[in-house]
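The structure appears below as structure tokens.
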Amino acid sequence: MSTGQSAGADTAAGTDTAAGTEYVDVLIVGAGLSGVGAAHHLADRFPGKSYLILEARDAIGGTWDLFRYPGVRSDSDMQTLGYRFRPWTQQKAIADGPSILEYVRDTATQAGIDRHIRFGHRVTGAAWSSAAAQWTVEATGPDGEPVRLRCGFLYVCSGYYRYDQGYSPAFPGADRFRGRIVHPQHWPADLDYTGKQVVVIGSGATAVTLVPALTDRAAQVTMLQRSPTYILTVPGEDPIANRLRSLAGDRFAYPVTRWKNVALATTLYQVSRRRPELVKKLIRAGLKRQLPDGYDLDTHFKPRYQPWDQRLCLVPDGDLFKAISAGKAAVATGQIETFTETGVQLTSGEHLDADVIVTATGLNLLLFGGMTLTVDGQPVDPPQTLAYKGMMLGGVPNFAFTIGYTNASWTLKADLVAEYVCRLLAHMDAHGQRICVPVDDDPGIERRPLLDFDAGYVLRSIDKLPKSGSRRPWRLGMSYAHDVLALRYGRVADGTMRFTGAGPAPAQAAPAGGLTPVSQPRPAAAGRR
Ligand SMILES: Cc1cc2nc3c(=O)[nH]c(=O)nc-3n(C[C@H](O)[C@H](O)[C@H](O)COP(=O)(O)OP(=O)(O)OC[C@H]3O[C@@H](n4cnc5c(N)ncnc54)[C@H](O)[C@@H]3O)c2cc1C
């Protein structure tokens, strides 16, 4: 068993190896956008605390390093996808993947966070001991060797999907197809689609990004969708943001633009939920303007659901519609009967010729990077737990995770989670406490699915996620403004969050109605599922 020291860089500050296993105050899992941001907040607020990031891959950046398909880009504006503490200074508001990767990497190197990352370390499990007030974390090292570390606080920033495998339904006849089938999550560097007929299966953010991007070299690109999605054109550059930056500089312009964009996105979301017919009308009017006269909007761009039941797709400067209008791209809406030797046969009888088929069919959701958790020897079963403020689990001490918004930029929430974790640690330091745990002991709380969102990857895995509660602080909100109040300014000692010192196991030490081990949930009260 390695203590994980060998593969590390300069991570020794504050390290206590007295017990034979390396100890850090905070252990972060994942060096993507969230993990790097979390480390930045921590290092800034607590220069004296030791921390380490364990990263399964050999690179910083997570999503923005993994996805390499042509045209890969954000579909939310960089003023809100960027960190609160580091202004996005480029002209483009909808940025390409390599620029976002550079931004995350630069953030890590400039703050010296890269020296705290151990690459090639996949965390497989973590066990909490209340007696020791610490986690023992198990990982697999770069050569497959087991690695063990201890930490006072475990902070999981592992994203939300499987890295090794995108979601790919089994298509009948796929083995007959003589061309190449690729998934955007595993884009082959050698794929030359010059002069080829490409069919992209899907209608989500990835498909609408890929289709116009592939028209640069492909002979023809067809987006094949089972049913349409709401797609909205946004400016690739934000003229207000850029003007404000040139007049007042980044330090002033960035937070102002950030709040402007939050307000716009919130308004669009709220109006979509309350006046869906109005939003549908507006989106349709925009499409009419951008597509050729007589284009069959009803078949290809009239979704069966309401705006924001699923994520709204944004396209910068209408690039998808420009490609369609130029005749370089087309949309086909229908059911796949089978792949053939030369393309895709639809149930309607239509055949789409293809040399390359891209299955932009989505992601496989994965909670906590696939790691298992135990609390005082009892396994934690996430669906049996309630998520506290959408970032901790009821009954699981000294543990936080980052899952971003479904209706706004991920980083808005990631920053707030990091700020809250810092406040929590500061509170414990100030009061000489070592254990914090949200306690789910209100029998009036109803359990609900964590995400009220119909995207395929969510629906496929909703039963594996923690639950949301019917009331705060257990209710998962999707409103940044509310979360600013709750996470940045709300009371840390709110009655639900319980604190103890390093004494005996919390379950034994807790006062009546106090700490509840996760594995022994209280009996379901009326109204609970
Ligand atoms: C193609 C694409 C485009 C997107 N565009 C947007 C957008 O425009 N706006 C938006 O808000 N969101 C977008 N998202 C969501 C996006 O994932 C987030 O914005 C953000 O990048 C998530 O950052 P993260 O660090 O939380 O997770 P990730 O980027 O997934 O990084 C997680 C890291 O954790 C590591 N890890 C995972 N499990 C383990 C483990 N067990 N042990 C050790 N390390 C582990 C991974 O290797 C990875 O490096 C997009 C997602 C995709 C796939």
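Just follow the structure's listing: the first ligand is 1, and inside any ligand the first atom is 1.
In this structure, W64 is part of the shell of residues with a heavy atom less than 4.0 angstrom from ligand 1. In this structure, Q185 has no heavy atom closer than 4.0 Å to ligand 1. Heavy-atom separations between F401 and ligand 1 are all 4.0 Å or longer. Residue contacts with ligand 1 leave out M371, since none of its heavy atoms falls under 4.0 Å from the ligand.
Under the 4.0 Å criterion applied to side-chain N and carboxylate O atoms, R180 and D190 are assigned as salt-bridge partners. The pair D192-R217 counts as a salt bridge, with a side-chain nitrogen and a carboxylate oxygen less than 4.0 angstrom apart. Under a 4.0 Å N-O distance rule, the pair D317/K322 does not qualify as a salt bridge.
Judged by distance alone, the side chains of Y230 and D309 never bring a donor and an acceptor atom under 3.5 Å apart. Counting only N and O atoms by type, the side chains of S409 and T80 include a donor and acceptor under 3.5 Å apart. Remark: the T63 side chain and the Y161 side chain contain an N/O donor-acceptor pair separated by less than 3.5 Å.
Remark: R57 is not positioned above the aromatic ring of Y163, lacking an NZ or CZ atom under 6.0 angstrom from the ring centre and at most 45 degrees off the axis. For the pair R150 and Y23, the NZ or CZ position fails the cation-pi test of under 6.0 Å to the six-membered ring centre and within 45 degrees of the ring normal.
Checked by distance only, ligand 1 and G369 come closer than 3.5 Å through their nitrogen or oxygen atoms. Distances between N or O atoms of T63 and those of ligand 1 include at least one value under 3.5 Å. For ligand 1, the polar-atom distance check against T411 finds no nitrogen or oxygen pair separated by under 3.5 Å. The N/O atoms of S34, backbone and side chain alike, include one that comes under 3.5 Å of an N/O atom in ligand 1.
Taking the centre of each ring, W474 and Y388 come in below the 6.0 Å mark. Here the two rings, on Y269 and Y405, have centers that are 6.0 Å apart or farther. Here the two rings, on Y83 and H40, have centers that are 6.0 Å apart or farther.
Screening V417, V29, L393 against F401 for a side chain to side chain contact (heavy atoms under 4.5 Å, CB included) leaves a single residue, L393.
Close contacts between ligand 1 and S74 involve ligand atoms 8 (O) [criterion: under 4.0 Å to a heavy atom]. Applying the 4.0 Å criterion to heavy atoms of D75 picks out, from ligand 1, the atoms 5 (N), 6 (C), 7 (C), 8 (O), 9 (N). Near L54, with a cut-off below 4.0 Å to any heavy atom, the atoms of ligand 1 are 43 (C), 44 (N). Distances below 4.0 Å separate heavy atoms of Y69 from the following atoms of ligand 1: 1 (C). Listed by atom number, the atoms of ligand 1 under 4.0 Å from H121 heavy atoms are 42 (N), 43 (C). In the vicinity of R57, heavy-atom distances shorter than 4.0 Å reach the ligand 1 atoms 47 (O). Of all atoms in ligand 1, numbered sequentially from 1 with element shown, those under 4.0 Å from a heavy atom of G62 are 29 (O), 31 (O), 48 (C), 49 (O).
Among V123, T402, N407, the residue whose heavy atom lies nearest to atom 41 (N) of ligand 1 is V123. Taking all heavy atoms of A139, G35, A56, G30 into account, the minimum distance to atom 43 (C) of ligand 1 is reached by A56. The closest heavy-atom contact to atom 14 (N) of ligand 1, among the options F368, Y163, Y161, Y160, comes from Y160.
Looking only at protein heavy atoms, the nearest one to atom 27 (O) of ligand 1 is G159 CA, 3.2 Å. Protein heavy atom at the shortest distance from atom 33 (C) of ligand 1 is E55 OE1, 3.7 Å. Closest protein heavy atom to atom 12 (N) of ligand 1: W410 CB, 4.0 Å. Of the protein's heavy atoms, S76 OG, 2.6 Å lies nearest to atom 9 (N) of ligand 1.
Only the backbone of C157 comes within contact range of ligand 1, with a heavy atom under 4.0 Å; no side-chain atom does. Counting heavy atoms under 4.0 Å from ligand 1, residue F67 touches it through the side chain alone. Proximity of L33 to ligand 1, defined as any heavy-atom pair under 4.0 Å, is shared by backbone and side chain alike.
For Y155, there are no ring-ring contact (aromatic ring centres under 6.0 Å, His included) partners two or more places apart in sequence or in a different chain.
Ring planes of W135 and F399: tilted class, angle from 30 to 60°.
The nearest pair of heavy atoms linking M371 to A126 is CE-CB, 3.8 Å.
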